[in-house]
Visitor: 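If you scroll down you'll find the structure; I have some questions about it.
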Amino acid sequence: MLFSNMAPPTYRKNTSTVLRFLTAMLLTCVMNRNYLCYNHPFVSSTISSNSGSPIIPSSLKELRLDGYLSSKNIDHAASDFGNIHHHLPSAVLHPKSVSDISSTIKHIFNMGPASDLTVAARGHAHSLQGQAQAHQGVVINMESLKQEMYFQKGEFPYVDVSAGELWIDILHASLKHGLAPKSWTDYLHLTVGGTLSNAGISGQAFRHGPQINNVYQLEVVTGRGELITCSESRNADLFYGVLGGLGQFGIITKARIALEPAPLMVKWIRVLYSDFSIFIRDQERLISSEDTFDYLEGFVIINRTGLLNNWRSSFNPKDPVHASQFNSDGKTLFCLEIAKYFNPDETDEVNQKIDRLLSELSYIQSTLFLTEVSYVEFLDRVHTSELKLREKGLWDVPHPWLNLLIPKSRIQEFAEVVFGKILTDSSTGPILIYPVNKTKWNNRTSLVTPDEDVFYQVALLSSAIPSSTGKDGLAQILNQNQRILDFCEIAHLGVKQYLPHYTTQEAWRTHFGHQWDVFVGRKSQYDPSAILAPGQRIFQRARAFS
């Protein structure tokens, strides 16, 4: 059946319009023939992980694997960092080789329409909305797939790594060769395959682009079970489709990551602004210059008592007397966090450069705080916070995060409403805001960004208290997130979600915009039975989530 809301073009004499219509019809027929359901919304209700002990489907028991399938103690596969959705799989695959992954998917694919089984690749479980879960399907524990890292030095150094490798382990291994990846996420205890399936964004993105822009080659198992090596010059359609493709076209099993010479030390700086327009002006000035900092992120801080006193545990004030007199109570402030990488023999030169760059900025002078740390300590800074939160029992809680990409031309309007009216404080978690240059991003990947050369990453990284019914409760935070999304839609800000989550295909179609037909075409080619990544809720097998 075709789209229920699709009507033939009214101006049939326009050949190009007719061709576009026929192409859309053909894609629809292909996709529906292969059990991708377009005409109903996806079920978004949480399925309890206490629904009984699952049994491995008999259809999978004939598989011969180096690793093993297990249906015991699999509650961990029904949860993630978001800790909001819980969908219990039938089994977890612990692969010992890429062949285990390929054989499992190929077996399910060959079962054809009679099977409802789906497959989700799971890394370090940092998805937020159940994206790495597969209700009554098979979850692949990618961390079981261990392969030795291979380093190539020279003019264009790189490292070949398993997709189940943690970025923190890649960092430590690379530093032994005096090298390191160019682009990072703020949290390094994530697996390679997961970040490359989204984008991988942090404060280096304005210089190097996201992590998906710093990959030379991938090894991918498609939804047909085929193992394919791809790059920008070999199977390029799959290569660019998988990068930022939300796991829809294949499971990444190996990646070739670009490296650069690694610095040893970092000058780490924080300053405050009270005027948002000046704050974003300085950020945009810094990212537009070649001679600038190596890392840049911003934070929104609303009604935080004793803010600068909290900084003193890790940072030193440039002017201790005036810093002690600064009062943050009841204010909305904007923090610029910047860093310059260097080696010890460059200290004097780097200090002079930092002084010059800071002299061009219009921050509140008394709020300049600085520290000097190792490169590893800086990059792994969030893990330090994680350990403290774990001690207090505040890590394994719901994380109703909202990540948005906002066009530069609308960021002021967004800030006035969201930071001025919707959000009353920032006590439930950090609020990140920083710009990136689209010229540093490859527009051939599946990642969707706003249609402007500069856009802002805004991340509301809330943590909810499970027993709370107040402002720090899950229901209140989710309601607040929805108010923000509703405002963006009503005001037509041109916002795109990062780590997107939608419950209807019409919403997904709107998200992808003009890239939708390409996305659907790739799905039809590489995962025609809609086996992969059901937790994204973009495409469904015939009776999935029924």
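These numbers come from the heavy atoms of this one structure, side chains and all, not from hydrogens, waters or symmetry mates.
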Visitor: What pairs with A464 under side chain to side chain contact (heavy atoms under 4.5 Å, CB included), at least two apart in sequence or on another chain?
Guide: P398, P400, L474, I477
Visitor: Starting from the C-alpha separation in whole Å, work towards a yes-or-no answer on side chain to side chain donor-acceptor pair (under 3.5 Å) for Y187 and E386.
Guide: CA-CA 10 Å; Y187 181 62; E386 174 193 352; 2.7 Å; yes
Visitor: Determine whether L423 and V300 satisfy the following criterion, side chain to side chain contact (heavy atoms under 4.5 Å, CB included), listing intermediate values before the conclusion.
Guide: CA-CA 10 Å; L423 299 180; V300 182; over 6 Å; no
Visitor: Below 4.5 Å, heavy atoms only, C-beta onward: do P95 and L65 meet side chain to side chain?
Guide: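 When only atoms from C-beta onward are counted, L65 and P95 do not touch, as no gap falls below 4.5 Å.
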Visitor: Taking everything shown except K471 itself, do over 12 heavy atoms lie less than 6.0 Å from its NZ?
Guide: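 Open: at most 12 neighbouring heavy atoms sit under 6.0 Å from NZ of K471.
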Visitor: Give me the atom names and distance for the closest heavy-atom approach of I531 to G223.
Guide: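 Smallest heavy-atom distance, with atoms named: CD1-O, 3.6 Å.
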Visitor: Go through the steps for Y434 and Y295 under the test side chain to side chain contact (heavy atoms under 4.5 Å, CB included), then give the verdict.
Guide: CA-CA 11 Å; Y434 56 92; Y295 160 96; over 6 Å; no
Visitor: Test of understanding: with side chain to side chain contact (heavy atoms under 4.5 Å, CB included), list the residues that count as partners of T222, not counting sequence neighbours.
Guide: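 Applying side chain to side chain contact (heavy atoms under 4.5 Å, CB included) to T222 gives R224, E226, I228, L238, Y526.
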Visitor: Can we say R522 and D237 salt-bridge, meaning some charged N sits less than 4.0 Å from an Asp/Glu carboxylate O?
Guide: yes
Visitor: Donor-acceptor check, side chain of K523 to backbone of Q248, threshold 3.5 angstrom: yes or no?
Guide: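 At least one qualifying donor-acceptor pair exists.
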Visitor: Verify side chain to side chain donor-acceptor pair (under 3.5 Å) between Q131 and D80, making sure each step is shown before the conclusion.
Guide: CA-CA 9 Å; Q131 291 95 332; D80 54 26; over 6 Å; no
Visitor: Given side chains that start at C-beta, do those of L218 and S231 come closer than 4.5 Å, heavy atoms only?
Guide: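 When only atoms from C-beta onward are counted, S231 and L218 do not touch, as no gap falls below 4.5 Å.
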Visitor: Is the backbone N or O of K72 less than 3.5 Å from a side-chain atom of S70, with the two atoms forming a donor-acceptor pair by type?
Guide: yes
Visitor: Given the side-chain rings of F81 and W401, with only the six-membered ring counted for Trp, is the space between their centroids under 6.0 Å?
Guide: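 Yes - the distance between ring centres of F81 and W401 falls below the 6.0 Å cut-off.
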Visitor: Below 4.0 angstrom, N of the basic side chain to O of the carboxylate: do D396 and R390 qualify?
Guide: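 R390 and D396: salt-bridged.
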Visitor: Would you indicate whether D453, at its atom CG, is surrounded by more than 12 heavy atoms from other residues, nucleotides or ligands within a distance under 6.0 Å?
Guide: no
Visitor: Looking at residues at least two apart in the chain, or sitting in another chain, which of them share a side chain to side chain donor-acceptor pair (under 3.5 Å) with K438?
Guide: T449
Visitor: Please confirm whether R256 makes a cation-pi placement over Y216, using NZ or CZ under 6.0 Å from the six-membered ring centre and within 45° of the ring normal.
Guide: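 Ring-cation test returns no.
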Visitor: Is the backbone of S183 close enough, under 3.5 Å, to the side chain of Q211 for a donor and an acceptor to pair up by distance?
Guide: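 Looks like yes, one N/O pair under 3.5 Å.
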Visitor: Going by the rule side chain to side chain contact (heavy atoms under 4.5 Å, CB included), which residues pair with A459 if we only count those two or more places apart in sequence or in a different chain?
Guide: N403, L432, Q457, L461
Visitor: Holding to side chain to side chain donor-acceptor pair (under 3.5 Å), I want the full list of residues that pass it with Q482, two or more places apart in sequence or in another chain.
Guide: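 Q482 satisfies side chain to side chain donor-acceptor pair (under 3.5 Å) with D486 once adjacent residues are dropped.
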Visitor: Would you check if the side chain of R410 reaches a backbone N or O of H492 as a donor-acceptor pair within less than 3.5 Å?
Guide: yes
Visitor: At their closest point, which heavy atom of F414 faces which heavy atom of I484, and how far apart are they?
Guide: CE1-CG2, 4.0 Å
Visitor: Within this structure, what is the CG-CZ distance for the pair L532 and R541, rounded to the nearest 0.5 Å?
Guide: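 Separation between the atoms: 10.0 Å.
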Visitor: Is the backbone of H501 close enough, under 3.5 Å, to the side chain of Q129 for a donor and an acceptor to pair up by distance?
Guide: no
Visitor: Restricting to non-hydrogen atoms, name the atom on P57 and the atom on S90 that form the minimum distance, rounded to 0.1 Å.
Guide: CD-CB, 3.8 Å
Visitor: Going through the checks in order, is the side chain to side chain contact (heavy atoms under 4.5 Å, CB included) test met by C230 and V220?
Guide: CA-CA 8 Å; C230 53; V220 176; 4.0 Å; yes
Visitor: Nearest heavy-atom pair of P407 and F455: which atoms, and what distance?
Guide: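 Looking at all heavy atoms of both residues, the shortest contact is CA-CB, 4.1 Å.
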Visitor: Rounded to the nearest 0.5 Å, how far does CG of L227 lie from OG of S103?
Guide: 10.5 Å
Visitor: Is E413 atom CD crowded by more than 12 heavy atoms from other residues, nucleotides or ligands, each under 6.0 Å away?
Guide: yes
Visitor: Suppose we screen for salt bridge (charged side-chain N to carboxylate O under 4.0 Å, His left out). Which residues come up paired with D66, at least two apart in sequence or across chains?
Guide: none
Visitor: Any pair with a residue in residues 188-200 that passes salt bridge (Lys or Arg N to Asp or Glu O under 4.0 Å), sequence neighbours left out, goes on the list, sorted by first then second residue, please.
Guide: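 Every pair satisfying salt bridge (Lys or Arg N to Asp or Glu O under 4.0 Å) with a residue in residues 188-200: there are none.
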Visitor: With side chains defined as the heavy atoms from C-beta onward, is the minimum distance between V495 and V458 less than 4.5 Å?
Guide: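 No, every pair of side-chain atoms sits at 4.5 Å or beyond.
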Visitor: Got a second to check how far Q497's CD is from L402's CG, nearest 0.5 Å?
Guide: 6.5 Å
Visitor: Roughly how far, to the nearest 0.5 Å, is CG of L188 from CG of D380?
Guide: 5.0 Å
Visitor: Do you know the tightest heavy-atom contact between P500 and L246?
Guide: CG-CD1, 4.0 Å
Visitor: Any chance you could measure I101, atom CD1, to L145, atom CG, to the nearest 0.5 Å?
Guide: 5.0 Å
Visitor: Can you pull the salt bridge (Lys or Arg N to Asp or Glu O under 4.0 Å) pairs that have at least one residue in residues 94-109, sequence neighbours excluded?
Guide: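 Qualifying pairs: none.
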Visitor: Evaluate the side-chain proximity of S174 to L171: yes if any heavy-atom separation is below 4.5 Å, no if none is.
Guide: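 No, every pair of side-chain atoms sits at 4.5 Å or beyond.
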Visitor: Parallel, tilted or perpendicular: which fits the ring planes of H511 and Y502, with parallel below 30° and perpendicular above 60°?
Guide: tilted
Visitor: In the structure I gave you, are the side-chain heavy atoms of I74 and P89 within less than 4.5 Å of one another anywhere?
Guide: yes
Visitor: Between L166 and L190, does the side chain to side chain contact (heavy atoms under 4.5 Å, CB included) criterion hold? Intermediate values first, please.
Guide: CA-CA 5 Å; L166 297 178; L190 303 174; 5.7 Å; no
Visitor: Measure the shortest side-chain to side-chain distance between Q136 and L88 over non-hydrogen atoms and say whether it is less than 4.5 angstrom.
Guide: no
Visitor: Using a 4.5 Å cut-off on heavy atoms from C-beta on, say whether the side chain of R122 contacts that of H76.
Guide: yes
Visitor: Just by distance, do the side chain of E452 and the backbone of S409 share a donor-acceptor pair under 3.5 Å?
Guide: yes
Visitor: For residues 199-208, tabulate all N or O donor-acceptor pairs below 3.5 Å that involve a side-chain atom, not counting sequence neighbours.
Guide:
| residue | atom | partner | partner atom | Å |
| --- | --- | --- | --- | --- |
| S202 | OG | D186 | OD1 | 2.6 |
| S202 | OG | E297 | OE2 | 3.3 |
| Q204 | NE2 | Y341 | OH | 3.2 |
| R207 | NH1 | F293 | O | 3.3 |

Visitor: Mind checking what makes side chain to side chain contact (heavy atoms under 4.5 Å, CB included) contact with D472, not counting sequence neighbours?
Guide: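 If we apply the side chain to side chain contact (heavy atoms under 4.5 Å, CB included) test to D472, skipping adjacent residues, the hits are T428, I465, S468.
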Visitor: Say whether W167 and T195, considering side chains only, have a donor N or O and an acceptor N or O under 3.5 Å apart.
Guide: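 Yes, a side-chain donor-acceptor pair sits under 3.5 Å.
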Visitor: When you compare the side chain of M111 with that of S529, does any pair of heavy atoms fall below 4.5 Å?
Guide: no
Visitor: Looking only at non-hydrogen atoms, find the nearest pair between F249 and V242 and report the distance.
Guide: CD1-N, 4.0 Å
Visitor: Taking only residues two or more places apart in sequence, or in another chain, which ones meet E489 in a salt bridge (charged side-chain N to carboxylate O under 4.0 Å, His left out)?
Guide: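 E489: no salt bridge (charged side-chain N to carboxylate O under 4.0 Å, His left out) contacts found.
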Visitor: Among residues at least two apart in sequence or on other chains, which ones pass side chain to side chain donor-acceptor pair (under 3.5 Å) with E219?
Guide: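 Checked E219 against side chain to side chain donor-acceptor pair (under 3.5 Å); matches are T253.
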